[in-house]
2 protein chains.
Amino acid sequence: MEQDSLDQTFLLGLVGHSARLASSGIRPLFAQRMAGHDLRQAEFAVLSLLDANPGISQKRLADAINVSPPNMAAVLTRLLERGLIRRERQPSDQRMQILLLTPAGTRLYRKAAATALDLDQEATAMLTPAERRELLRLLKKVNEAQAAPQGQGT
Amino acid sequence: MEQDSLDQTFLLGLVGHSARLASSGIRPLFAQRMAGHDLRQAEFAVLSLLDANPGISQKRLADAINVSPPNMAAVLTRLLERGLIRRERQPSDQRMQILLLTPAGTRLYRKAAATALDLDQEATAMLTPAERRELLRLLKKVNEAQAAPQGQGT
DNA sequence: TATTGTTATACTCTATAACTATA
DNA sequence: TATAGTTATAGAGTATAACAATA
């Protein structure tokens, strides 16, 4: 039995620490359930964004989920090899590549999305629906401001 | 210029994903500012917990910040080598080790804690004070339930 | 037999530099 | 010269199995 009388006042007053804890607490459950679909977190996120935004570029994908371009390339390579996505050069700007789900990718995503929603709700079952919505709203506010600080980052 | 018209509705409805995004957004700022103290996230967390809870065991430390015992051993080794913490066997139960900050560890922690609080507040400056408090309350609720599911995990 | 902690190891994730090609 | 994407590589974080010592 754990005596959880630890004083964590300072650490739990940091959003960075608290968010990391929540993330690391949910991660194992996500990994375990998603193993059935053979999808990792970043892979699932890519499928989700492509389902909702067919034809976007790798850059926008990478920016949205905070993955560096080299690491995104590796994620996409694996999804391409599995036949879950396809890509084409954009005619108007040949530097860009347009990404799309294949029919197999769409089918897998539908199943995986149901799994993801289930497990996420289980992992947050201690919150009321209103609390959960509020938590998501506040995290979104933090994340949107991160993505676009005030012009240029550096 | 980014056209942030991406539809991320589904992903941002997952607490796991949103928490991970927030964490990964704040991490680089944390790392950059803490480099001045030569402290990584887990190391800072250990110092903070030892400052508030002198004499706790490695197990309780590891549980509190979601680090596995083998990885905690590595973190502590580095802090010991730097003379920031010390440890002793507990007389009553010789399996346990009691951890304490050294005077140098306390001094470094004081400075690092001020840095951490500053950067975390900068990173969440888009929230009102009330929103920030509410976000921390909700994350705490999620994290407390994670830590102690309902008896034993497995 | 269970718990605390260690060692060794592998795997994943993240970060950076250097490069190609397009613009 | 700047941007999209790639390759290669290093480093940090995470996970697991096997072990020692104590209870």
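First the proteins, then the strands, lettered A, B, ... as listed; each starts at 1.
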>> Using the side-chain heavy atoms of B/Ser68, tell me which of these nucleotides is nearest: D/dT7, D/dA15, D/dG5.
In response: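 In terms of side-chain proximity for B/Ser68, the closest of D/dT7, D/dA15, D/dG5 is D/dA15.
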
> Quick one: which of C/dC13, D/dT6, C/dT14 gets closest to the side chain of A/Arg40?
Replying inline: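 From the listed options, C/dC13 comes nearest.
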
>> OP1 or OP2 of C/dT4 versus the side-chain N and O atoms of B/Arg87: is any pair under 4.0 Å?
In response: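 Negative; the distance criterion is not met.
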
> Looking at A/Gln90, does any N or O in its side chain come under 4.0 Å of the phosphate oxygens OP1/OP2 on D/dA4?
Replying inline: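 The answer is no; no side-chain N or O of A/Gln90 sits under 4.0 Å from OP1 or OP2.
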
May I have the distance from [X] (atom [atom1]) to [N] (atom [atom2]), rounded to whole angstrom?
X       : N      : atom1 : atom2 : value
B/Glu43 : D/dT14 : CD    : P     : 13 Å
A/Met72 : D/dG5  : CE    : P     : 10 Å
B/Leu39 : D/dA12 : CG    : C1'   : 15 Å
A/Ile85 : D/dG5  : CD1   : P     : 12 Å
B/Leu21 : C/dT14 : CG    : C1'   : 15 Å
A/Arg78 : C/dT12 : CZ    : C1'   : 11 Å
B/Gln58 : C/dT7  : CD    : P     : 10 Å
B/Ile56 : C/dT4  : CD1   : P     : 13 Å

Any ion pair linking [Y] and [X] (charged N to carboxylate O, less than 4.0 Å)?
X        : Y        : answer
A/Arg132 : A/Glu134 : no
B/Arg110 : B/Asp51  : yes
B/Asp38  : B/Arg78  : yes
A/Glu131 : A/Arg133 : no

>> If you count heavy atoms of other groups shown closer than 6.0 angstrom to NZ of B/Lys141, is the number above 12?
In response: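 Result for NZ/B/Lys141: enclosed.
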
>> Taking B/Leu139's backbone N and O only, do any of them form a donor-acceptor pair with A/Ser18's side chain (distance below 3.5 Å, no angle check)?
In response: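 Between the backbone of B/Leu139 and the side chain of A/Ser18 there is no qualifying donor-acceptor contact (under 3.5 Å).
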
> With nearest nucleotides of DNA chain D determined for A/Asn71 and A/Pro28 from heavy-atom distances, which residue corresponds to the more 5′ nucleotide?
Replying inline: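 Taking each residue's closest nucleotide, the earlier one in sequence belongs to A/Asn71.
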
> Between A/Pro70 and A/Ser24, which has a closest nucleotide on DNA chain D that is more 5'?
Replying inline: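 Nearest nucleotide further toward 5': that of A/Pro70.
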
> Which residues, if any, of residues 91-102 of chain A bring a heavy atom under 4.0 Å of DNA chain C?
Replying inline: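 Those residues are A/Asp93, A/Gln94, A/Arg95.
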
>> By nearest heavy atom, map A/Arg89 and A/Ala42 onto DNA chain C; which one lands nearer the 5' end?
In response: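 In this pair, the answer is A/Ala42.
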
>> Just by distance, no angles: are the side chains of B/Gln8 and B/His17 close enough, under 3.5 Å, to form a donor-acceptor pair?
In response: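 Side-chain D/A pair, B/Gln8 to B/His17: absent.
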
> Which part of the nucleic acid, if any, lies within reach of A/Arg20 when heavy atoms closer than 4.0 Å are counted: base, sugar-phosphate only, or nothing?
Replying inline: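 If one applies the 4.0 Å heavy-atom cut-off, A/Arg20 turns out to touch the sugar-phosphate alone, with no base involved.
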
